[in-house]
Amino acid sequence: QVQLVESGGGLVQPGGSLRLSCAASGLTFSMYAMSWYRQAPGKERELVARIGSTGDNTNYADSVKGRFTISKDNTKNTWNLHMNSLKPEDTAVYYCNAVHILFKVHNYWGQGTQVTVSS
C-alpha cells in the first residue's frame with residue numbers, strides 16, 4: 001500500500017523558514033516525479049514546485065521562485081521543500097503528490113500539512 005506522509009509544517013513568523021518533508025512508502029521511489037501543492041482557505045489548490053524522478057528537473061511557481069527549493073533524498077525515500085523568506089500569503093495546507101513517470105494512473109497524495117506564516 002502506497003503512503004505519502006508529510007511533516008514539518010507549523011507556525012512561523014514572516015521572513016522565517018520551514019522545511020517540509022514527504023516520506024514515501026510502498027512505491028519505487030526512483031520511478032516517481034513529485035510535486036508540492038498548496039491550498040489556502042477559499043482558494044483552489046495550486047502547484048508550488050515539481051521535481052522529476054531523477055532530481056535533475058525542477059519547476060517552481062513564480063510566487064515562490066528564489067525562496068523555495070524542492071529536493072529528493074534517495075537514501076530516505078523522501079522529498080523535501082525548503083521554504084525561506086516566508087510570507088503571510090504562503091499560509092496554506094501543503095500537499096505532496098507523486099505520479100509514476102510511465103503510468104500516470106499511479107497518482108498518490110499525502111494528507112497535507114498546515115503552514116501558517118504570521119507575526
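Values below: every heavy atom of this structure, side chains too, minus hydrogens, waters and symmetry copies. We're numbering straight along the sequence, starting at 1.
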Derivation and outcome, side chain to side chain contact (heavy atoms under 4.5 Å, CB included), residues T78 and N80: CA-CA 7 Å; T78 300; N80 299 304; 3.5 Å; yes
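- Applying the salt bridge (Lys or Arg N to Asp or Glu O under 4.0 Å) test to every pair with at least one member in residues 99-113, sequence neighbours left out, gives no pairs at all.
- The structure places OG of S25 at 8.5 Å from CG of N77, a figure rounded to the nearest 0.5 Å.
- A distance of 9.5 Å separates CH2 of W79 from CD1 of I51, quoted to the nearest 0.5 Å.
- Under the salt bridge (Lys or Arg N to Asp or Glu O under 4.0 Å) criterion, the residue pairs touching residues 40-61 are R38-E46, with sequence neighbours excluded.
- Between H100 and F103, the angle of the ring planes lies from 30° to 60°, which puts this pair in the tilted group.
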Worked verdict on D62 versus K65 for salt bridge (charged side-chain N to carboxylate O under 4.0 Å, His left out): CA-CA 5 Å; D62 288 343; K65 278 181 183 176; 3.2 Å; yes
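- Q114 and T116 form a side-chain donor-acceptor contact under 3.5 Å, judged by distance and modelled atom types alone.
- Counting heavy atoms from C-beta on, the side chains of S30 and T28 come closer than 4.5 Å.
- Nearest heavy-atom pair across A49 and L81 is CB-CD1, 4.2 Å.
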Verdict with supporting geometry, N97 and N107, side-chain hydrogen bond (donor to acceptor under 3.5 Å, both in side chains): CA-CA 7 Å; N97 169 245; N107 185 329; 2.7 Å; yes
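- Nearest heavy-atom pair, D90 versus S85, reported as atom, atom and distance to 0.1 Å: OD2-O, 4.4 Å.
- Residues P14 and S119 approach most closely at CD-N, 3.7 Å, considering heavy atoms.
- Expressed to the nearest 0.5 Å, how far CZ of F68 lies from CG of L20 amounts to 8.0 Å.
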Test side chain to side chain contact (heavy atoms under 4.5 Å, CB included) applied to M34 and I70, step by step: CA-CA 9 Å; M34 185 272 180; I70 191 170; 4.0 Å; yes
Derivation and outcome, side chain to side chain contact (heavy atoms under 4.5 Å, CB included), residues S118 and L11: CA-CA 7 Å; S118 175; L11 173 64; 4.2 Å; yes
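- Considering every non-hydrogen atom in both M31 and L102, the closest pair reads CE-CD1, 4.1 Å.
- Here V93 sits in one hydrophobic cluster together with Y37, L47, Y95, W109; the rule is ILVMFWY side chains under 4.5 Å apart, joined directly or through other members.
- In this structure, the side chain of T113 does not engage the main chain of E6 through any donor-acceptor pair within 3.5 Å.
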Intermediate values then yes/no, ring-ring contact (aromatic ring centres under 6.0 Å, His included), W36 and Y60: CA-CA 10 Å; W36 285 96; Y60 298 91; over 10 Å; no
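- Across L4 and A24, no two heavy atoms sit closer than the pair CD2-CB, 3.6 Å.
- Side-chain N or O atoms of K72 include one that pairs as donor or acceptor with a backbone N or O of S53 at under 3.5 Å.
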CA sep, side-chain torsions, deciding dist, call: Y94, L18, side chain to side chain contact (heavy atoms under 4.5 Å, CB included): CA-CA 12 Å; Y94 284 70; L18 282 175; over 6 Å; no
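- Across M83, H82, K87, a single residue satisfies side-chain contact (heavy atoms from CB on, under 4.5 Å) together with R67, and that is K87.
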